[in-house]
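Here's the structure we're looking at; comments come further down.
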Amino acid sequence: MEILKDFFYTTGFATLTLGNTIMILIGIVFIFLAITKDYEPLLLVPIGMGAIVGNIPMAAGMSLSVYDEGSVLSYLYFGVSAGVYPPLIFLGIGAMTDFSTMLSNPKLVLLGAAAQIGVFLTFFGALWLGFQPTQAGAIGIIGGADGPTAIFLASKLAPDLLGAIAIAAYSYMALVPVIQPPIMKLLTSREERLIRMKPPRKVSKREKMIFPVAAFLISTMIAPGAVVLLGMLFFGNLLKESLVTERLAQTARTAMIDVVTILLGFAVGASTQADTFLTQNSLQIFGLGALSFAIATAGGVLFAKFMNLFLTEKINPLVGAAGVSAVPDSARVVQMVGQQEDPHNFLLMHAMAPNVAGVVGSAIAAGVLWSVLT
Amino acid sequence: MQMLLKQIGLKLLGQGQGAFPLPEPVGPEANNLVDGAVVALVGLMIVFCVLIVISLFIAALPRILEKLSSVWPEVDEPASNTGHPDSLVADDGAVLAAIGFVLHTEFQRQLESPDPAGRTG
């Protein structure tokens, strides 16, 4: 009987806390949303399952959790804490990104820069709330709407907040279709939403091949902190555009990115243990993340309107909302909102330009914050 | 403020230990709103600066390539057609399989044909 009693005290039932229960329920909600609402399923399913695994109470003396030295999960989590997974995901993103629309209309690149105002204003807001500068920098990057970048910077600047920042970043990326449209409609008139843009020109193969190398050199010479993320992004794109390494590009954009996404999502989910995740800081991070996302969207839209003051060929300001780098979700939202006004207005290809510029912009912003704050 | 800007500049240039040794890291010092505002402003300016330069480069690229085309003409066929055999993609394999299947079917049909004129090989 005593043995049975001892065994009971080692089970999860005896040591389960309210926090663990809440986190397990959050994990189940993530999986439910991914399956029923199709919200970022490739990320929310691994994160949700990871959250469930990470919140099963561990028996004393057993090395099981991501924070226990030598545990299997700690080895998987090493890729997160050391910032290994995000650059590998960037390699895959580069191999699947077509920069043609951006190359055909270079002025739209600026919208990708304007949306980064969300990152820096949130950084300032987090400082105002009393976060340390390194923590504020990691929180601010949520506004870049780029999960791997947020994880990369958080792992470097604020490892203690990594779980909350990663969950916030991916949650808001999944909520792009909910968060962005009201802001876009609020800041634009019907006439502006009806603007039709000139179709993009055809971009030569040679332009596409030269671009990744040249853009990498320009970016990292000015902001060397972005060398890891942008190096992998443009390397992946070069694999795609060189046309002689199609097999490598194919692997990078399919098998490799899938493997890394599984490991990253699961490890991040498993790191959200109740005692480290359910804190007041996490709530503030979620609030700041939402604010950051909203500011980034507004920044892009307002900057497009500002550019229209000087341009003869007007930009549809909705396109500015795609400057947040949630690829391709925010571009799809632009298309959707545009077509609500004019079903024959196709903005998707135009929105892809600031969208991919936003990926570059958020990586540069991360590099700058990393350089300055460490 | 001037000191902070100088430190940020040196950090971005990867310096700080050479001719201008930094007294302290920027991080802990930036823990006030003024310094935070400066970091935010400079950061945003750098992002804009990089993307403006990229934008200008993209705008100039077609003209540069046009001038280069006299010495380095662009060929129409995709590079993968002339590249290493390893550059074969999955679709190439499918096309080869389809061609093989058609040839095999045609030879079978000719072999089974009672009319010798229908045989070509």
Side-chain angles (χ1 to χ4, degrees), chain A residues 99 102-110 112-114 116-117 119-121 123-124 126-128 132-134 136-137 140 157 201 203-207 209-211 214-215 218-226 242-247 250 357 360-362 364-365 367-369 371-374, chain B residues 4 7-14 25-62 64-66 68-69 72 74-76 78-84 86-92:
Chain A
F99 284 100
M102 193 173 106
L103 294 172
S104 71
N105 198 348
K107 59 180 174 287
L108 296 181
V109 172
L110 299 182
Q116 305 313 316
I117 193 169
V119 172
F120 293 102
L121 281 185
F123 163 71
F124 185 69
L127 277 180
W128 184 69
Q132 292 297 309
T134 49
L157 294 182
R201 71 172 172 85
V203 176
S204 71
K205 289 196 293 277
R206 195 172 284 180
E207 280 176 83
M209 283 179 205
I210 292 171
F211 172 73
I218 294 168
S219 315
T220 52
M221 286 294 176
I222 301 175
S242 68
L243 301 175
V244 291
T245 50
E246 182 53 34
R247 215 173 65 187
Q250 180 73 9
V360 178
S362 60
I364 295 166
V368 169
L369 288 170
S371 320
V372 172
L373 298 172
T374 52
Chain B
L4 183 69
Q7 286 179 358
I8 290 170
L10 290 172
K11 283 259 178 184
L12 290 170
L13 291 169
V26 171
E29 282 181 13
N31 195 12
N32 65 62
L33 293 179
V34 178
D35 288 353
V38 174
V39 169
L41 196 66
V42 172
L44 191 60
M45 276 168 55
I46 292 166
V47 174
F48 260 99
C49 177
V50 173
L51 289 178
I52 286 171
V53 176
I54 289 177
S55 178
L56 292 174
F57 173 77
I58 295 170
L61 191 56
I64 296 168
L65 288 177
E66 200 182 316
L68 272 178
S69 62
W72 184 29
E74 187 165 12
V75 286
D76 284 337
S80 58
N81 289 354
T82 55
H84 193 272
D86 281 355
S87 65
L88 280 177
V89 293
D91 284 351
D92 294 334

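Letters go in sequence order (proteins before strands), and every chain restarts at 1. What you see is a predicted model; the values in this text were computed from it and never measured.
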Next on the checklist: Heavy-atom cut-off 4.5 Å, strictly under: side chain, backbone, both or neither for L61(B) against chain A?
Outcome noted: side chain
Next on the checklist: At a heavy-atom distance under 4.5 Å, which candidate from I54(B), I64(B), V50(B), L44(B) has the highest pair count against chain A?
Outcome noted: L44(B)
Checklist entry - So which of V119(A), L108(A), V109(A) has the largest heavy-atom pair count under 4.5 angstrom toward chain B? => result V109(A)
Item to check | Value rounded to 0.5 Å, distance of CD1 in I364(A) from CG in L51(B) | outcome: 4.5 Å
Next on the checklist: I'd like to know if the side chain of R201(A) reaches the main chain of N105(A), judged simply by a donor and an acceptor atom lying under 3.5 Å from each other, with no hydrogens or angles considered.
Outcome noted: no
Item to check | Proximity breakdown for A126(A) and chain B, heavy-atom pairs closer than 4.5 Å | outcome: neither
Checklist outcome for this item: Most heavy-atom pairs under 4.5 Å with chain B, out of A214(A), G112(A), S204(A), belong to S204(A)
Item to check | Region of F57(B) that comes under 4.5 Å of a non-hydrogen atom in chain A | outcome: side chain
Checklist entry - Under 3.5 Å, side chain of S55(B) to main-chain N/O of P106(A), donor-acceptor pair present? => result yes
Checklist entry - Looking at V53(B), L56(B), L65(B), which makes the most heavy-atom pairs under 4.5 Å with chain A? => result L65(B)
Checklist outcome for this item: Taking every heavy atom of A223(A) against every heavy atom of V368(A), the minimum-distance pair comes out as CB-CG2, 4.1 Å
Next on the checklist: Distance check, rounded to the nearest 0.5 Å: M102(A) atom CE versus I58(B) atom CD1?
Outcome noted: 4.0 Å
Next on the checklist: Please classify the contact of L121(A) with chain B as side chain, backbone, both or neither, using a heavy-atom distance under 4.5 Å.
Outcome noted: neither
Checklist entry - Roughly how far, to the nearest 0.5 Å, is the CG atom of L373(A) from the CD atom of Q132(A)? => result 11.0 Å
Checklist entry - If you count heavy-atom pairs under 4.5 Å between each of A226(A), S219(A), S104(A) and chain B, which one has the most? => result S219(A)
Checklist entry - Most heavy-atom pairs under 4.5 angstrom with chain A, which of A59(B), A40(B), P62(B)? => result A40(B)
Checklist outcome for this item: Heavy-atom nearest pair, L369(A) first then G137(A), reads CD1-O, 3.7 Å
